[in-house]
Amino acid sequence: MRWSQLFIPTLRENPAEAEVASHQLLVRAGYIRQLAAGIYSYLFLAQRSLLKITQIVREEMDAIGAQEMLLPALNPAELWQESGRWDVMGDNMFRLKDRWQRDLCLGMTHEEVMTSIARGELRSYKQLPQIWYQVQTKFRDELRPKSGLLRVRQFIMKDSYSFDLDPAGLDVSYEKHYRAYRRIFDRCGLRYLVVEAHSGAMGGSQSHEFMLASDAGEDFVVLCGKCGYSANLEKALAHSSAPQEGDPAGDLEPEQFHTPGRKTIAEVSEFTRLPDTSQIKSLVMTADGALLLVLLRGDHQLSETKLAGVLGAVEIRPAHPEEMRKLLGADAGSLGPVGVKNVRILADSALEKRRNMIAGANRDDYHLRNVTPGEDFTAEFHELRQVAPGDTCVQCGAAVELKKTIEIGHIFKLGYKYSESMGLRVLNTAGEEVPVIMGSYGIGIERILSAAVEQDHDGDGMALPVPIAPFAVVVTPVNSGDTAQRQAADDIYQNCLALGLDALLDDRDERPGVKFKDADLIGVPFRITVGKKLAQGKVELIERRGKKLSEVVVADAASEVRSRIAGAMPALAQG
RNA sequence: CGGGGCGUAGCGCAGCCUGGUAGCGCACCUGCCUUGGGCGCAGGGGGUCAGGAGUUCAAAUCUCCUCGCCCCGACCA
């Protein structure tokens with residue numbers, strides 16, 4: 001296409017509101033414009049790129065036998081009430097009423113609609129397995145949209161759903177998705193991680209997330225460099241680091257001491273001259289309305305996800321100050337487990353077998369020393385803490401590291417949650433009616449674009465991978481007033497098109513600097529510059545990544561680009 | 001929902017404290033010039049100063065309210 005006729009509104013300066021690189025660059029390069037908080041218009045370049053991403057996704061989904069559909073974004077409330085998620089989703093769901101005052105919502109995901117289709121039509125095990133998918137706009141009323149296209153309120157998702165007769169069948173569908181996802185992200189040129197994930201409010205057992213390491217991300221992943229263990233922080237397990245100081249030996253009795261004004265672990269540590277690891281952190285939480293006392297080692301953080309998992313609870317929150325005082329008779333900062341009878345006590349496993357630690361006394365400004373779990377109080381021990389740097393791998397014992405990541409894909413084994421609540425059953429070979437076992441699999445289309453920008457950019461702009469760049473190559477005559485250059489550039493451009501390359505001709509009447517800057521900014525992987533060397537029959541070929549420059553003869557320019565693309569991505573040759 | 005910040009031309013910002021003609025850079029239009037990294041010169045167009053109410057002879061500027069947007073935290077299939 002000819003640049004002079006395109007709408008590519010590039011900006012010289014970064015938009016004031018953009019913080020992360022992908023946001024700044026997508027706006028500056030004229031890909032997107034914001035319409036409202038977390039709502040974006042995708043202009044020509046973004047749409048081109050998103051269509052390429054979607055095409056890759058389609059090809060790989062089709063390759064595992066998945067069937068594409070398109071479901072309504074506008075859903076009736078009853079459907080979501082059936083699965084129970086009308087209430088669970090809370091304010092994250094966009095809700096509206098029609099002219100008859102009937103409740104409707106905008107779909108955040110489509111388990112309900114898919115299940116409702118399936119239950120009307122799937123009757124026999126002979127019709128299974130099925131994998132259905134769509135590429136559809138989703139709506140989530142995020143508390144805080146941010147980071148450009150990374151956290152938005154309206155976005156495009158490829159979501160697929162598998163229906164199988166039994167867990168073994170689900171394993172197969174899950175595995176197919178796992179492999180398809182790897183191919184999709186490979187083809188998109190992303191360097192990603194696959195980690196074990198928490199299945200959250202979706203319910204279900206196994207789950208993996210596909211993550212791309214980036215400081216712009218919002219999820220933490222725990223990684224073991226030695227054995228390859230990797231998991232989302234919400235779910236990750238690790239052995240706790242050893243206490244900084246050994247516990248005093250002996251069967252000592254708890255002993256109260258005055259700690260005026262010392263409330264935080266750090267303050268009590270300083271006062272007692274014992275490290276954080278010798279303190280017991282006591283948190284009063286409520287789980288689905290019931291109060292409980294949660295104990296952790298002083299330096300550890302509670303994982304609410306793990307706590308919710310242990311309790312089977314949906315809503316977890318810290319208790320209010322009045323609730324704490326009513327329950328234990330003191331304010332936060334002086335709470336502890338000794339003598340507490342009226343509430344369930346859960347302790348993190350890092351407190352097991354510890355002795356003579358420091359804890360709050362349930363009396364304002366007093367603590368206890370010589371508190372021994374299991375003797376001075378009883379608790380249920382579970383792994384409740386968040387993994388921290390310095391912890392060691394459960395598989396191999398090496399130190400684990402934490403990485404910030406962007407989630408680009410997520411696959412779940414749903415189990416029977418929706419088939420049971422919504423009555424999706426088929427007859428098995430024995431003629432018995434059994435619920436269908438389901439899986440759910442999502443890919444954020446815009447997140448692939450954003451993640452690619454985060455992954456590959458420099459001070460001049462984006463350096464997108466060829467398969468998802470809006471154009472593969474741009475042909476740039478240096479001097480638009482020079483007829484020979486213009487003609488040669490046009491010829492090369494036509495050659496590129498003839499070879500099937502997605503080519504752009506920068507025929508604008510601009511100074512060379514402007515054209516170079518714009519080409520770098522929008523991230524076209526190859527540039528053919530037609531300039532002074534044309535007199536010797538040569539042009540320059542520049543790779544956007546690394547700005548590698550070489551000279552080629554005019555007639556070979558297009559084919560050289562094609563062969564470099566093919567050479568860089570052998571896996572793509574067979575598509 | 002807690003904390004912080006911002007709203008002045010399409011974009012980036014100054015002006016506000018100390019009330020009195022609305023400004024700068026980029027972009028845009030016209031002409032000339034120039035052509036290997038956002039060129040130069042000259043001329044020009046473009047503003048309900050987020051909205052509302054108040055104080056005042058006079059409000060972008062002071063006061064109050066509302067809305068929008070961004071950031072941190074909490075939250076997140």
Side-chain angles (χ1 to χ4, degrees), chain A residues 9-20 23-24 27-28 30 33-39 80 83-85 88-93 107-112 138-148 150-153 155 157 159 161 197-204 207 209 217-220 232-234 301-302 304-305 308 314-318 320 407 409-412 414 417-418 439-444 459-461 476-482 485-486 506 508-521 527 529-534 539-540 542 547 549:
Chain A
T10 58
L11 266 30
R12 192 183 290 237
E13 289 166 285
N14 273 325
E17 72 275 6
E19 199 90 341
V20 302
H23 187 194
Q24 295 177 339
V27 174
R28 264 193 70 200
R33 286 295 183 263
Q34 181 170 323
L35 186 61
I39 304 178
W80 290 75
S83 70
R85 293 208 295 180
V88 173
M89 291 307 188
D91 289 337
N92 271 347
M93 185 148 73
M108 309 174 69
T109 168
H110 280 77
E111 281 79 7
E112 281 81 357
K138 309 285 183 197
F139 299 89
R140 290 182 196 176
D141 196 359
E142 291 287 346
L143 217 42
R144 192 155 80 78
K146 61 173 186 177
S147 305
L150 286 176
R151 178 151 297 268
V152 289
R153 297 195 292 173
F155 58 99
M157 188 166 102
D159 50 321
Y161 306 87
H198 176 71
S199 43
M202 297 291 295
S207 173
E209 283 172 330
E218 311 183 282
D219 288 304
F220 281 94
N232 190 302
L233 180 61
E234 287 183 330
Q301 297 287 317
L302 173 66
E304 290 194 14
T305 311
V314 175
E315 199 201 323
I316 303 271
R317 63 164 173 85
H320 300 309
E407 178 186 345
H410 199 163
I411 58 179
F412 293 90
L414 287 177
K417 178 177 159 77
Y418 296 90
S440 161
Y441 318 86
I443 290 180
D460 291 318
T476 308
V478 169
N479 185 341
S480 53
D482 183 320
Q485 283 186 18
R486 258 201 342 252
D506 196 348
R508 294 176 297 168
D509 185 16
E510 289 284 357
R511 298 184 53 87
V514 173
K515 293 191 269 197
F516 296 155
K517 288 283 185 194
D518 275 344
D520 288 348
L521 181 59
R527 187 178 85 219
T529 305
V530 182
K532 287 177 195 145
K533 295 274 169 54
L534 182 63
V539 292
E540 284 168 7
I542 297 102
K547 303 275 175 66
L549 187 151

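Nothing here was measured: the structure is a model prediction, and the numbers come from that model. The sequence lines fix the lettering, A, B, ..., with proteins before strands; numbering per chain opens at 1.
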Between protein and nucleotides 46-50 of chain B, what N or O pairs are separated by less than 3.5 Å?
none

### Query
So how far is it from A/Asn232 CG to A/Asp219 CG, rounded to the nearest 0.5 Å?
5.5 Å
### Message
Under 3.5 Å for both donor-acceptor distances, Watson-Crick or wobble: does B/rC33 have a partner, and if so which one?
### Response
none
### Query
Given B/rA74, B/rC11, B/rC76, which nucleotide is nearest the side-chain atoms of A/Asn92?
B/rC76
### Query
Given that both distances must come in under 3.5 Å, which nucleotide forms a Watson-Crick or G-U wobble pair with B/rC69?
B/rG5
### Query
For the base of B/rG37, is there a side-chain donor-acceptor partner from A/Asp460 under 3.5 Å away?
no
### Message
Within the 4.0 Å heavy-atom criterion, would you say A/Met157 contacts the bases, only the backbone, or no part of the nucleic acid?
### Response
base
### Sugar-phosphate, base or nothing in reach of A/Pro145, heavy atoms under 4.0 Å
sugar-phosphate
### Summary
5' to 3', nucleotides 27-36 of chain B under a 4.0 Å protein heavy-atom cut-off (B base, S sugar-phosphate only, - none) gives S------BBB
### Task
For A/Arg28, answer base if it contacts any base atom (sugar-phosphate contacts may also be present), sugar-phosphate if it contacts only those atoms, and nothing otherwise; contact means non-hydrogen atoms under 4.0 Å.
base
### Message
Any base atoms under 4.0 Å from A/Glu112, or only sugar-phosphate, or nothing? Heavy atoms, all strands.
### Response
nothing
### Query
When only distance counts, do a donor and an acceptor, one from the side chain of A/Arg151 and one from the base of B/rC76, lie under 3.5 Å apart?
yes
